[in-house]
Amino acid sequence: SKTVVWLPATKPNAYGWHWYDSPYVKDLGSNIDNVWTGDIVQMNLASGTPHTAIVSWKNNTTIWWIESNWKLDNKVRIRKETLDHFLKAVKVNGEYRYTAYRVIGG
């Protein structure tokens with residue numbers, strides 16, 4: 001049996017931080033406390049840069065990301081970041097500009 005999941009497009013464009021609705025993913029909202037290993041986070045950094053990362057691990061203070069192009073060098077790597085730093089990086093005018101998703105079907 002082959003399982004395939006089609007992840008939805010980002011809305012309204014590549015600079016957004018929300019996906020269109022999909023039967024394959026569960027929207028976890030903007031509560032980083034809800035994420036688990038393997039969840040995907042769409043974000044728009046305060047710098048205006050869109051970014052997508054996969055949660056490798058998380059505890060009460062720190063999150064480890066699997067991501068590409070963090071250093072604009074086309075390499076995939078694991079990066080560690082405090083949750084406080086992450087929340088500051090995605091907060092603009094009092095709004096947290098990120099959404100977490102869990103792949104649930106396929």
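This chain uses plain numbering: 1 for the first residue, then up along the sequence.
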Shortest non-hydrogen separation from Trp17 to Tyr96 and the atoms involved: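 Result for this residue pair: NE1-O, 4.1 Å.
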In one Ile/Leu/Val/Met/Phe/Trp/Tyr side-chain cluster, 4.5 Å: Trp64, Ile66: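 Yes, one cluster joins them.
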CA sep, side-chain torsions, deciding dist, call: Tyr101, Leu28, side chain to side chain contact (heavy atoms under 4.5 Å, CB included): CA-CA 5 Å; Tyr101 297 92; Leu28 302 175; 5.8 Å; no
Say you draw a straight line from [atom1] of [X] to [atom2] of [Y]; how long is it, rounded to the nearest 0.5 Å?
X: Thr99; Y: His18; atom1: OG1; atom2: NE2; value: 4.0 Å
X: Thr49; Y: Leu72; atom1: OG1; atom2: CG; value: 8.5 Å
X: Asn44; Y: Glu95; atom1: CG; atom2: CD; value: 9.5 Å
X: Asp84; Y: Thr61; atom1: CG; atom2: OG1; value: 8.5 Å

Chi angles and distances behind the side chain to side chain contact (heavy atoms under 4.5 Å, CB included) call for Ile63, Trp57: CA-CA 6 Å; Ile63 192 162; Trp57 184 255; over 6 Å; no
Pairs satisfying salt bridge (Lys or Arg N to Asp or Glu O under 4.0 Å), at least one member in residues 9-25, at least two apart: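 Salt bridge (Lys or Arg N to Asp or Glu O under 4.0 Å) check on residues 9-25 returns no pairs.
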Pairs where residues 60-78 contributes a residue and the test salt bridge (Lys or Arg N to Asp or Glu O under 4.0 Å) is met, not counting sequence neighbours: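 Found Glu67-Arg79, Asp73-Arg77.
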What pairs of donor and acceptor atoms, side-chain ones from residues 87-94 against any protein atom, are under 3.5 angstrom apart with sequence neighbours left out?
none

Trp6 ring center near Tyr24 ring center (under 6.0 Å):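 When the ring centroids of Trp6 and Tyr24 are compared, they turn out to be at least 6.0 Å apart.
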Backbone of Thr82 reached by a side-chain donor or acceptor of Thr62 within 3.5 Å: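 Side chain of Thr62 to backbone of Thr82, a donor-acceptor pair under 3.5 Å: no, none is there.
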Side chain to side chain contact (heavy atoms under 4.5 Å, CB included) evaluation trace for Thr52 with Tyr98: CA-CA 9 Å; Thr52 302; Tyr98 75 95; over 6 Å; no
Worked verdict on Ile78 versus Trp65 for side chain to side chain contact (heavy atoms under 4.5 Å, CB included): CA-CA 5 Å; Ile78 295 176; Trp65 303 107; over 6 Å; no
Within a strict 4.5 Å, meaning less than it, do heavy atoms of the [X] and [Y] side chains meet?
X: Leu7; Y: Val103; result: yes
X: Phe86; Y: Met43; result: yes
X: Val25; Y: Ile104; result: no

Test side chain to side chain donor-acceptor pair (under 3.5 Å) applied to Thr10 and Gln42, step by step: CA-CA 8 Å; Thr10 304; Gln42 288 278 107; 2.9 Å; yes
Pairing residues for Trp70 by the ring pair (Phe, Tyr, Trp, His ring centres under 6.0 Å) criterion, not counting sequence neighbours: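 Trp70 satisfies ring pair (Phe, Tyr, Trp, His ring centres under 6.0 Å) with His51 only.
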Could you list the donor-acceptor pairs under 3.5 angstrom formed by side chains in residues 34-41, with sequence neighbours left out?
unit_1, atom_1, unit_2, atom_2, d
Thr37, OG1, Ser56, O, 3.2
Asp39, OD1, Arg102, NE, 2.9
Asp39, OD2, Trp36, N, 2.7
Asp39, OD2, Arg102, NE, 3.4
Asp39, OD2, Arg102, NH2, 2.8

Residues, nucleotides or ligands: over 12 heavy atoms within 6.0 Å of Lys58 NZ: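 Result for NZ/Lys58: enclosed.
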Partners meeting side chain to side chain contact (heavy atoms under 4.5 Å, CB included) with Asn74 (sequence neighbours left out):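 With sequence neighbours excluded, Asn74 shows a side chain to side chain contact (heavy atoms under 4.5 Å, CB included) to Asn69, given in chain and number order.
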